[in-house]
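To keep things clear, I will list the structure first and then write my remarks on it.
Numbers restart at 1 for each chain; the letters A, B, ... are given by sequence-line order, proteins then strands. Keep in mind that this is a model prediction, so the values were computed, not measured.
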Amino acid sequence: YCAPHMQYRPGDIEEKWQQKWADARVAETGVTASGNKFYMLNMFPYPSGDLHVGHGRNYILGDALYRYLRMQGRAALNPMGWDAFGLPAENAAIKRGIHPREWTLSNIAREKKQFERWGIIYDWSKEIASCHPGYYRWNQWLFLQLYRRGLAYRGKAPVNWCPQDQTVLANEQVIDGRCERCGAEVVQRDLEQWFFKITDYADRLDAGLDALEHWPDKVKTMQRNWIGRSAGADIDFPIPVLGRSIRIFTTRPDTIFGATFLVLAPEHPDVAKLISDHPDRAAIEKWIAEVRNQSNLERQETGKEGRFTGKYAINPFTKEEIPIWLGNFVLMQYGTGAIMSVPAHDQRDFEFAKQYGLAVRIVIAMNETPPGWPLSMVEAFTAKDDSARIVDSGLITGLTPPAAIERIGDEVERLGIGNKTVRYRLRDWLISRQRYWGTPIPMLYCDRCGLVPVPEEELPVELPVDVPFTGREGNPLAKHEAFVNAKCPKCGGAARRETDTMDTFVDSSWYYARYLSPRDTTRIFDSKLANAWLPVDQYIGGIEHAILHLLYARFICRALHDLGLVDVEEPFTRLFNQGMITKEGYRDPAQGNSWVPLGEVEWRAGKPYRGGLELVPETGKMSKSRFNVVPPDELIARYGADTQRVYTLFIAPPEKEAPWSEEGVVGAYRFLVRVWNMGIQIRDGATSGGAPPAPAAVLRKMHQAIDGVTRRFERFEFNTAISSLMEFSNLLGDHLEHAGGLREAYLVLLKLLHPFAPHMTEEMWEMFGEKPFVLTSKWPVADPALMQEDVVTIVVQVNGKLRGQIEVPNPPAEDVVMAAVQKNEKVQSWVAGKTVVKTIYVPGKLVNVVVR
RNA sequence: GCGAAAGUGGCGGAAUUGGCAGACGCGCUGGACUUAGGAUCCAGUGGCCCAAAGCCGUGCGGGUUCGAGUCCCGCCUUUCGCACCA
């Protein structure tokens, strides 16, 4: 029984502590002193305005880590900002008539408040918002530097175009081939756009992945696949009718003697000439047009199709005439848009050859293959190592494939008919957006001088505020006369301003460096500070950025490095991807599987119904359209932010997807209540005198908890860290008759619990008469000697059967163990003349002596 | 199709190295206190069995080992990624 004022009431204490932390600016880090530095960073959010409990996970996780690091005495930096440009703001403007700026700023205010309400402390003195001219000005500056170096250029490319909205769409805005907003079918269009030349960095971005020891393999693999490095050779195949050659790319030049035909992409520039005198020219052209209209996906669904051009090429090594085909499976965007086909050793070529009855010639055999070659094509198919040999291939016969690849490459270069090359799947980064709410690209079009960059001293090119948002006629910027009309800085004549804005991924590709000198008006960032604090030691964010943001950021970091602005090439040393929090929603099959609002679900015998029909539960991402969003307000009002924090981290390993459960929350709350009530008793026990010392079991558990929680922080195992604190607290609860003697152990519990439940621990810490801000007190250190049990049980097993056991002091020396065996009558008699197979010493556990 | 990861109670999940499977929490069962309990506290909770003893238990089938959730081989299932990249 507790007096009312002693009850755990999160509502009474949480806002008080949040205010104190804010007033004392506890999270502000002096960036000038970077010794013992630890730069941790959560990916900055897009301020959409609705943070639900699922969003809380990675911020809570980051805050717990930050508080732990501070208690460890690290100079930890933990800033936060806003990825504030983007489409949703503009859509809100169109739908609701709110200016994107107002919409964004009010969302930022709301989300900032929400972070505070979760007890998350950031260094707000370093806050940045990408929509602020003081920030995007440096986007423009960066653009100009890249432009100067040829890394930003204007060129033609196929893009997603919505004919109704008259604008280019981001990939995320295309759903099942349709415009997300108006539902019109999106078409591919060749348009002049601005690009960043990320392909220049393909090799460095690929090679750099190997050094990222602390990145999840999954992300590295995804980036590797995306970059798609392939080493091989470009080789010219002479075409007598054209009087010149067609260049192909292959990763397997060692198979060139097996190349029995060429296949060109239907879009290949030489196709028109090749079929110009073909008797069925019209039919082939019709087919080409059909294929061109198909997306890659559609082409694959069609299956492999081709047409014979009626013309032949010369295989430069066999000197044979080989037919030239067109194939829907050859992509113009990759390599040279032409391939040599080796049907014996490539699955796709094999399928094509089989379908059209083309020649198959085997040129690889397995090493161990007995006489009587050839072996089956399947076995030799992918053989690229020393277990295989090249056969029937002139100068390379008998070589292993790797050796043959080298040899052919050399030969091709010697003959001047090609080169060894490395090709990448990666394409240049299209950064143009025909949108208002983004960084204006600082370029001008002058009738006399052509493309002219805006001089650096004229930056920022500010976004005008007074533009109309109709959502119908493309980029509002283009209609803003005062913005568009400018003077050419070269000739002083009339010029038009570029009205495209930048992809918002440009904003996020260097923001981590800006946090270090966020208000600097003279440069993009302070290189001295950047070199002291970069790279980011721990980066936390969702897996959805595995490629886009993380690849762009790695690219821009290298570009900044090459500009001499920063020493590092890799911006993020450690990467952690938290899993999503999911929630059950209910679909109504009778209504075309539409989602049912939670309020309309009736429960009968534990099953969900609506209107007498059973609903289908489905667990997934929280979203408004599924009516399964859990807002944090009610939860916090009822149980407190500490409860949400503890529950969120306890629910599952943080990298895993985890289902939100209303019942589960209660467990976390009860845990905090118990710790609280126990604290009151222990404090009162201490002041009433007569404090017996804590039992050895409590001290042992305490050291085990310190050790366990510390180790688990290092490994991001927050769920088990919390469970070990529950064990520790349960044991304290079992010894409350010693209340007064538990003070030291209890204060340790508060410290270990602080990163998870900061408000409650601060309050209790203060109730114990300690100075405020557990944050600045020292993280306890475990004494390994005190972690061990006093005695261990030696279990003697014979052939897996228990034959006896005995307790000995811990740790037992090996001769003690042997003596224990000797003392055991049963074993002794049985053991005579036999040998001890193995002894295992497990600290604090059992010792099994197994004899045979 | 290719590649990767993972399969443990009613549920979320524990189990440094091959060493007491199911920690911790939810839920459930019983009890206490109650006008009441959706509050709190206590006890129990993998299965078979009234209970005990015992036996069986980490997707399935083999194997290695004194000993396997963990290692090896072969399947099945799920999730994620890539998807004609020559």
Side-chain angles (χ1 to χ4, degrees), chain A residues 1-2 7 216-219 221-222 224-230 232-233 248-253 255 259 262-263 265 296-297 299-304 327-342 345-349 351-352 382 423-427 543 546-547 606 646-647 650-653 655-671 673-674 677 707-708 711-712 715 717 719-730 733 793 795 797-802 805 836-843 845-852:
Chain A
Y1 176 80
C2 290
Q7 277 173 15
D217 289 335
K218 188 182 172 177
V219 174
T221 305
M222 284 168 74
R224 232 172 242 126
N225 291 341
W226 189 262
I227 296 167
R229 180 184 198 276
S230 292
I248 61 98
F249 170 68
T250 179
T251 57
R252 297 297 300 269
T255 62
L262 290 191
V263 189
N296 273 0
L297 197 74
R299 289 192 195 188
Q300 245 183 97
E301 280 165 2
T302 311
K304 287 189 179 49
N328 65 346
F329 68 102
V330 177
L331 307 172
M332 194 60 222
Q333 311 93 287
Y334 186 75
T336 61
I339 61 166
M340 68 174 201
S341 237
V342 186
H345 304 294
D346 184 284
Q347 184 67 40
R348 297 155 301 191
D349 295 348
E351 283 169 26
F352 194 78
T382 51
R423 290 196 181 263
Y424 299 90
R425 235 187 59 160
L426 185 71
R427 317 243 175 87
I543 187 76
I547 291 171
V646 169
Y647 175 69
F650 178 65
I651 182 171
E655 69 279 7
K656 268 195 70 169
E657 200 172 81
W660 186 266
S661 123
E662 315 294 335
E663 295 93 8
V665 173
V666 179
Y669 180 67
R670 285 206 275 253
F671 166 57
V673 169
R674 272 198 299 274
N677 291 340
D707 180 61
R711 239 186 14 232
R712 282 155 173 158
R715 283 150 49 173
E717 293 170 355
N719 56 329
T720 48
I722 290 170
S723 75
S724 74
L725 288 175
M726 286 173 170
E727 283 183 63
F728 180 27
S729 124
N730 287 347
T793 309
V795 176
Q797 288 178 350
V798 180
N799 290 342
K801 288 261 180 187
L802 181 75
Q805 57 185 54
V836 173
V837 173
K838 208 172 177 184
T839 63
I840 298 162
Y841 165 53
V842 185
K845 276 191 166 181
L846 292 174
V847 173
N848 295 341
V849 178
V850 182
V851 285
R852 193 180 348 236

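- If you measure from atom OH of A:Y669 to atom C1' of B:rU40, you get 11 Å, rounded to the nearest angstrom.
- In this structure the side chain of A:R423 never reaches within 4.5 angstrom of the side chain of A:T251, judged on heavy atoms.
- At whole-Å resolution of the value, CD in A:E717 and P in B:rC24 are 18 Å apart.
- Between A:I651 and A:N719, every side-chain heavy-atom pair lies at or beyond the 4.5 Å cut-off.
- With both ends at atom P, the span from B:rU40 to B:rG25 equals 14 Å, rounded to whole Å.
- In terms of position on RNA chain B, the residue among A:A338 and A:M726 whose nearest nucleotide sits closer to the 5' end is A:M726.
- Residue A:V342 is classed as having no contact, given no heavy-atom separation below 4.0 Å to the nucleic acid.
- Here B:rG47 is in the anti range [glycosidic angle more than 90° from 0].
- Here A:K304 lies in heavy-atom contact (under 4.0 Å) with a base.
- Phosphate contact (OP1/OP2 of B:rG25, side-chain N/O of A:N730, threshold under 4.0 Å): present.
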Between the protein and nucleotides 8-13 of chain B, are there any N/O to N/O pairs under 3.5 Å, and if so, what are the atom names and distances?
unit_1 : atom_1 : unit_2 : atom_2 : d
B:rG12 : O2'    : A:I651 : O      : 2.5
B:rG13 : OP1    : A:K656 : NZ     : 2.9

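- Per the geometry, CG belonging to A:N225 stands 19 Å off P belonging to B:rG1, to the nearest Å.
- Distance noted for atom C1' between B:rC11 and B:rC28: 11 Å (whole Å).
- The interatomic distance linking A:N677 (CG) with B:rC41 (P) rounds to 8 Å, in whole Å.
- Among the duplex regions that RNA chain B forms, those built from at least three successive Watson-Crick or G-U pairs under 3.5 Å are B:1-7 with B:76-82, B:10-12 with B:24-26, B:27-32 with B:40-45, B:46-48 with B:54-56, B:59-63 with B:71-75, ordered by first number.
- Considering only heavy atoms from C-beta on, A:P653 stays 4.5 Å or farther from A:E717 through its side chain.
- Computed from coordinates, the A:R252 CZ to B:rA86 P distance equals 12 Å when rounded to whole Å.
- Under the 3.5 Å distance criterion, the side-chain polar atoms of A:D349 are matched with a main-chain donor or acceptor of A:V342.
- Side-chain contact between A:W226 and A:L426 is present, with heavy atoms from C-beta onward closer than 4.5 Å.
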Side-chain donor-acceptor contacts of residues 328-336 of chain A below 3.5 Å, not counting sequence neighbours, with atom names and distances?
unit_1 : atom_1 : unit_2 : atom_2 : d
A:N328 : OD1    : A:E305 : N      : 2.9
A:N328 : ND2    : A:G303 : O      : 2.8
A:Y334 : OH     : A:S230 : OG     : 3.4
A:T336 : OG1    : A:R247 : O      : 2.7
A:T336 : OG1    : A:A338 : N      : 3.4
A:T336 : OG1    : A:A338 : O      : 3.3

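- Comparing B:rG62 with B:rC24, their P atoms sit 35 Å apart, to the nearest whole Å.
- In this structure, A:F728 atom CZ and B:rA14 atom C1' are separated by 20 Å, rounded to whole Å.
- Taking atom CD1 of residue A:I722 and atom C1' of nucleotide B:rG25, one finds them 11 Å apart after rounding to whole Å.
- With sequence neighbours left out, A:E351 forms a salt bridge (charged side-chain N to carboxylate O under 4.0 Å, His left out) with A:K304.
- In this structure, CD of A:E655 is placed 17 Å from C1' of B:rG81, rounded to the nearest angstrom.
- Across the P atoms, B:rG69 and B:rA15 are found 16 Å apart, a figure rounded to whole Å.
- For the salt bridge (charged side-chain N to carboxylate O under 4.0 Å, His left out) test, no residue two or more places apart in sequence or in another chain qualifies with A:R229.
- Comparing B:rA21 with B:rU70, their C1' atoms are spaced 11 Å from each other, to the whole Å.
- Looking at A:V673 and A:Q7, their side chains never come closer than 4.5 Å, going by heavy atoms from C-beta outward.
- The heavy-atom pair separating A:M340 from A:P253 by the smallest distance is CE-CA, 4.4 Å.
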Could you list all N or O pairs between the protein and nucleotides 26-29 of chain B that sit under 3.5 Å apart?
unit_1 : atom_1 : unit_2 : atom_2 : d
B:rC26 : OP1    : A:R670 : NE     : 3.1
B:rC26 : OP1    : A:R670 : NH2    : 2.9
B:rG27 : OP2    : A:R670 : NH2    : 3.0

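- Spacing of C1' atoms, B:rA14 relative to B:rC75, comes out at 28 Å, to the nearest Å.
- Panel note: side chain A:Y647, backbone A:S661; a donor-acceptor pair is recorded below 3.5 Å.
- Side-chain atoms of A:R674 and A:N730, non-hydrogen and from C-beta on, do get closer than 4.5 Å to each other.
- Between A:L262 and A:I339 there is no side-chain heavy-atom pair separated by less than 4.5 Å.
- Remark: the separation of the P atoms in B:rG27 and B:rG38 is 12 Å, to the nearest Å.
- Separating the C1' atom of B:rG47 from that of B:rU58 is a span of 13 Å, rounded to the nearest Å.
- For the OP1/OP2 pair of B:rG25 and a distance below 4.0 Å, the side-chain nitrogens and oxygens of A:Y647 include no atom meeting the criterion.
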